[in-house]
Amino acid sequence: MKELPVIARAQSYGSTVALRSDDVERTYSELLDRSATLAVAVLNGSDDLNESRIAYLIPTGLDYVTVQWAIWRAGGVAVPLSLSATEPELDYALTDSTADCVVTTRSLAERILGLCERHDQRLMVVEDVGDTDCGSLPSVDPQRNAMILYTSGTTSTPKGVVSSHLNIQAQIESLVEAWKWQASDSIPLFLPLHHIHGIINVMSCALWSGATIDTFPRFDIDAILNRVAERAYSVFMAVPTIYVKLLQAVGGMDAGEKQEVVSGFAGMRLMVSGSAALPATVHHEWTELTGQELLERYGMTEIGMALSNPYDGERRPGSVGVPLPGVEVRLMSESGEVVDAEDEPGEIQVRGPSVFVEYWNRPDVTADSFSDGWFRTGDIAVREKGYLRIMGRQSVDIIKSGGYKLSALEIESILLQHPSIQECAVVGVPDDIWGEAVAAAVVLQDAEQLTSDDLKMWCDDRLSHYKIPKRLRVVSGLPCNAMGKVTKPDVQELF
Ligand code: MCA
Ligand code: AMP
């Protein structure tokens with residue numbers, strides 16, 4: 001039987017340590033054995049899952065990789081669920097993906113059991129799968145679909161981005177080549193594992209290369225800095241908010257502790273920032289503190305990583321560099337012409353084997369997202385001395401906060417369900433820590449009152465905590481354009 005490339009590569013690393021979680025270590029062989037057992041359990045008697053969707057709610061740690069590999073080895077499509085999702089958000093992902101089965105851990109089973117019962121979906125608890133299950137696994141063609149990740153955007157509900165095994169392989173190989181991943185690398189993994197920054201850039205690139213991953217169930221800054229001080233890592237990847245938080249934390253340390261941490265960072269061979277714009281000030285402060293020049297790159301769930309500052313060569317603050325290996329990038333002007341000149345803005349469009357297959361069950365949205373085979377990212381950039389610089393997005397409805405992409409429309413549609421709210425407009429406002437913070441201007445029903453705390457409490461069950469408006473402005477009427485429609489850039493001026 002021909003194994004998927006991800007699995008075949010892991011087989012070649014045998015007794016090397018793949019994952020470390022607290023003080024527990026797992027070798028590549030151990031992960032492979034366990035994933036084969038779990039694959040048989042997921043198959044549940046069938047020969048091949050034939051691209052059935054298998055959702056999983058699993059914390060970052062040893063089980064995550066084995067469950068993902070098990071789904072792939074059984075021929076299924078992996079649908080990772082967000083650990084910070086509310087019940088309605090989980091319900092949406094399970095319903096939209098039409099998952100057949102949900103895999104989880106004993107401690108999380110309670111959160112998902114009711115939904116599985118309601119949707120008649122099988123619930124599999126990893127701890128209930130013994131080590132005795134064995135059986136044959138199907139041969140999976142890499143052209144088949146591998147993963148669905150949910151991403152917010154210019155629609156009011158998140159869309160499922162479908163990637164094939166070949167797409168994922170292309171995304172990994174491009175980064176392994178550009179950033180010189182090697183078996184001797186060691187990296188901390190603390191990013192959420194329902195987005196590609198954590199799944200592809202950190203976890204999959206490391207496992208493809210035979211490197212070692214140190215897993216943290218959340219961004220536990222003290223635990224991570226302790227390991228940095230022990231010089232445990234050669235590579236580090238994070239979103240800009242994390243570098244801001246690290247600067248604050250290291251700034252507050254006493255001299256001895258600070259020296260250990262700083263030299264841990266200084267000794268790494270690569271530190272990367274992405275998912276949102278890295279302010280040039282943060283780039284400079286980080287270099288001043290650690291001597292490291294952060295490598296900023298640009299990507300998107302639909303395409304993997306597309307642009308990167310070079311590994312060797314100038315890493316320019318405020319810029320996202322040049323196309324990565326295997327990725328074609330062009331800028332398209334508003335009038336529909338390819339922009340080759342410097343200093344002229346255009347939409348970033350991307351083509352190549354890393355570009356996703358489709359939006360799940362949304363053929364019209366998929367078709368609208370491509371122009372002559374090029375994926376239209378909706379991000380505007382300009383070419384300056386050969387490097388691209390991101391200028392912003394075409395749509396004000398997309399907010400990037402803490403590295404998460406949020407849809408203003410989705411948040412508005414939830415706020416409008418509040419009995420006191422008659423009208424609302426959600427915008428992202430500049431924020432030194434989060435990049436952008438969610439802000440909402442609301443018009444209340446007559447004689448109603450609403451405070452930020454009331455609204456926060458009401459949102460708690462409906463929206464993940466980073467989507468809850470951090471700033472609320474009650475207004476008597478929203479700024480409108482000549483047509484009487486709310487104009488969001490004006491709303492932004494309210495905050
Ligand atoms: C949390 N808080 C916020 C936000 N998030 N406040 C404002 N805006 C936010 N976005 C508040 C909480 O309500 C809480 O408040 C306090 O901050 C601490 O929250 P917590 O979640 O514990 O914070 P944290 O653990 O420090 O998390 C920050 C984080 C996390 C580590 C930066 O947001 C994160 O992991 N972000 C990365 C997301 C990511 O991986 N994106 C990549 C997507 P209180 O104390 O009052 O309760 S993939 C992508 O974008 C593309 C493909 C790409 O290019 O990579
Ligand atoms: P997501 O949909 O969560 O995959 O987020 C992708 C979006 O993140 C892109 O379309 C960009 O708007 C943004 N993004 C990613 N990296 C960068 C970067 N280095 N600078 C500015 N924006 C970025």
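All residue numbers refer to positions in the sequence shown, counting from 1. Read the numbers this way: they start at 1 and go in the same order the structure lists the ligands and their atoms. These numbers come from the heavy atoms of this one structure, side chains and all, not from hydrogens, waters or symmetry mates.
Of the protein's non-hydrogen atoms, Lys470 CE, 3.1 Å is the one closest to atom 6 (N) of ligand 1. Ranking the protein heavy atoms by distance from atom 55 (O) of ligand 1 puts Ser275 OG, 2.6 Å first. Of all protein heavy atoms, the one closest to atom 36 (N) of ligand 1 is Gly402 O, 2.9 Å. For atom 26 (O) of ligand 1, the nearest non-hydrogen atom of the protein is Lys245 NZ, 2.9 Å. The protein atom (non-hydrogen) at minimum distance from atom 41 (N) of ligand 1 is Gly403 O, 2.9 Å.
When each atom of ligand 1 is checked for a heavy atom of Gly299 under 4.0 Å away, the hits are 54 (O). Which parts of ligand 1 touch His465 is read off a 4.0 Å heavy-atom cut-off, strictly below it: atoms 1 (C), 12 (C), 13 (O), 19 (O), 20 (P), 21 (O). Set against the non-hydrogen atoms of Ile196, the atoms of ligand 1 under 4.0 Å away are 52 (C). Close contacts between ligand 1 and Ser401 involve ligand atoms 8 (N), 9 (C), 10 (N) [criterion: under 4.0 Å to a heavy atom]. Below 4.0 Å from some heavy atom of His197 lie the following atoms of ligand 1, by number and element: 42 (C), 48 (S), 55 (O). Ligand-side atoms of ligand 1 in range of Tyr404: 33 (O), 34 (C), 36 (N), 38 (C), range being under 4.0 angstrom from any heavy atom. Per-residue contacts place Arg297 under 4.0 angstrom from the following atoms of ligand 1 (heavy atoms of the residue considered): 53 (C), 54 (O), 55 (O). Those atoms of ligand 2 with a heavy atom of Gly299 less than 4.0 angstrom away are 6 (C), 7 (C), 9 (C), 15 (C), 16 (N). Interface of Thr301 with ligand 1, defined as ligand atoms under 4.0 Å from a residue heavy atom, comprises 52 (C).
Remark: Asp220 CG is packed, more than 12 non-hydrogen atoms of other residues, nucleotides or ligands lying under 6.0 Å away. Surrounding CD of Glu110 are at most 12 heavy atoms belonging to other residues, nucleotides or ligands under 6.0 Å away.
If you look at Met300 next to ligand 1, the close heavy atoms, those under 4.0 Å, all belong to the backbone. Neither the backbone nor the side chain of His195 comes within 4.0 Å of ligand 2, counting heavy atoms alone. Heavy atoms of Arg218 found under 4.0 angstrom from ligand 1: none, in either backbone or side chain. Counting heavy atoms closer than 4.0 Å to ligand 1, residue Ile242 contributes side-chain atoms (C-beta onward) but none from N, CA, C or O. Only the side chain of Asp379 comes within 4.0 Å of ligand 2, judged by heavy-atom distances.
When Gly304, Ala276, Ala381, Gly321 are ranked by how near their heavy atoms come to atom 18 (C) of ligand 2, first place goes to Ala276. The option with the heavy atom closest to atom 22 (N) of ligand 2, from among Pro240, Gly274, Ala306, Ala277, is Ala277.
Residues Thr86 and Glu89 have side chains that bring a donor and an acceptor to within less than 3.5 angstrom of each other.
Checked against the 6.0 Å centroid threshold, Trp286 and Phe265 count as a close aromatic pair.
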